[in-house]
Amino acid sequence: MLENREMLQDIEDVLFTERQIAVMVERIGKEISRDYQGKNLLLISVLKGSVVFMADLMRSITIPARIDFMAVSSYGSGVKTSGVVKINMDLKIPLEGYDVVVVEDILDSGKTLHYLMELLQGRGPNSIRVCTLFDKPERRETDVQASYVGSQIPDAFIVGYGLDYAEKYRNLPFVGILKPEVYA
Ligand code: IMP
Ligand code: MG
């Protein structure tokens, strides 16, 4: 951990340790394995934030699953999403016949997922649901619902385990609350 000093000095508190995250991911993997038994499961990871979660989650799923990736960015700098979503990389797989689970890092205002769900729904999958590691329900501005949630969290800006601020801190193995003065 000492090698992380440069990033650690920007962290106010550890919100979830590696161990706590592993327990949440394992639980979600079990839920998905149970619910999608006999179905045609396709996991769609929304890059870049969900890359670490996806890598762990797919290995905790015990039924056959395909994976694909989509890269999006929402305009708006700093810690807020504008709702205008740009597709930087699209899926390689047509969605017809698949039972899709969209894997997200965090559900905040819900604007990003609201846009994505409309887009993906329009491509005619069998079914589509949302799986998010973290959820900030207080901040919701749309009606997006997640079927699988690792943990609800309070309204704070968190980083690590894939989550960034200005592309930094994604490689921290735990999830921490970023000191407000870092983004103020
Ligand atoms: P929404 O569109 O407002 O729901 O924002 C979703 C996206 O904003 C996530 O996929 C993240 O990229 C980013 N985001 C929201 N809250 C946080 C946070 O606390 N830490 C890091 N990124 C966040
Ligand atoms: Mg981000």
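When a ligand or atom number is given, it counts from 1 through the structure's own listing order.
- With Leu47, Asp135, Ile106, Thr142 as candidates, the residue nearest to atom 6 (C) of ligand 1 on a non-hydrogen basis is Ile106.
- Those atoms of ligand 1 that come under 4.0 Å of a heavy atom in Ser109, given as number and element, are 1 (P), 2 (O), 3 (O), 4 (O).
- Between the side chains of Tyr161 and Arg170, no donor N or O sits under 3.5 Å from an acceptor N or O.
- How far CE of Met117 is from CD of Glu104: 10.5 Å, rounded to the nearest 0.5 Å.
- Heavy-atom distances between Asp105 and ligand 1 reach below 4.0 Å in at least one pair.
- Using 4.0 Å as the threshold, Gly110 has a heavy atom nearer than that to some atom of ligand 1.
- A distance-only check finds no donor-acceptor pair linking the side chain of Asp68 to the backbone of Ile44 [under 3.5 Å].
- Here's the thing with Leu107: none of its N/O atoms is less than 3.5 angstrom from an N/O atom of ligand 1.
- The shortest non-hydrogen separation linking Thr132 to Ala146 is CG2-CB, 3.8 Å.
- If you look at Lys136 next to ligand 1, the close heavy atoms, those under 4.0 Å, all belong to the side chain.
- The existence of a salt bridge linking Arg123 and Asp90 is confirmed by a sub-4.0 Å separation between a basic side-chain nitrogen and an acidic carboxylate oxygen.
- The closest side-chain heavy-atom distance from Leu172 to Ile11 is below 4.5 Å.
- Side-chain contact check for Asp10 and Tyr165: no donor-acceptor pair (N or O, by modelled atom type) lies under 3.5 Å.
- Taking distance alone, with nitrogen or oxygen atoms compared against 3.5 Å, Leu113 stays at or beyond that limit from ligand 1.
- Using a 4.0 Å cutoff on heavy atoms, Asp164 counts as a contact of ligand 1.
- The closest side-chain donor-acceptor pair between Ser50 and Asp105, if any, does not fall under 3.5 angstrom.
- Contact analysis leaves Ser50 out of contact with ligand 1, as no non-hydrogen atom separation drops below 4.0 angstrom.
- Nearest residue to atom 2 (O) of ligand 1 from Thr112, Ile177, Leu15 is Thr112 (criterion: closest heavy atom).
- Every atom of ligand 1 is numbered from 1 in the order shown, and the set under 4.0 Å from a heavy atom of Ala156 is 19 (O).
- Summarising the contacts of atom 15 (C) of ligand 1 with Leu163, Val72, Asp108, the nearest heavy atom is found in Asp108.
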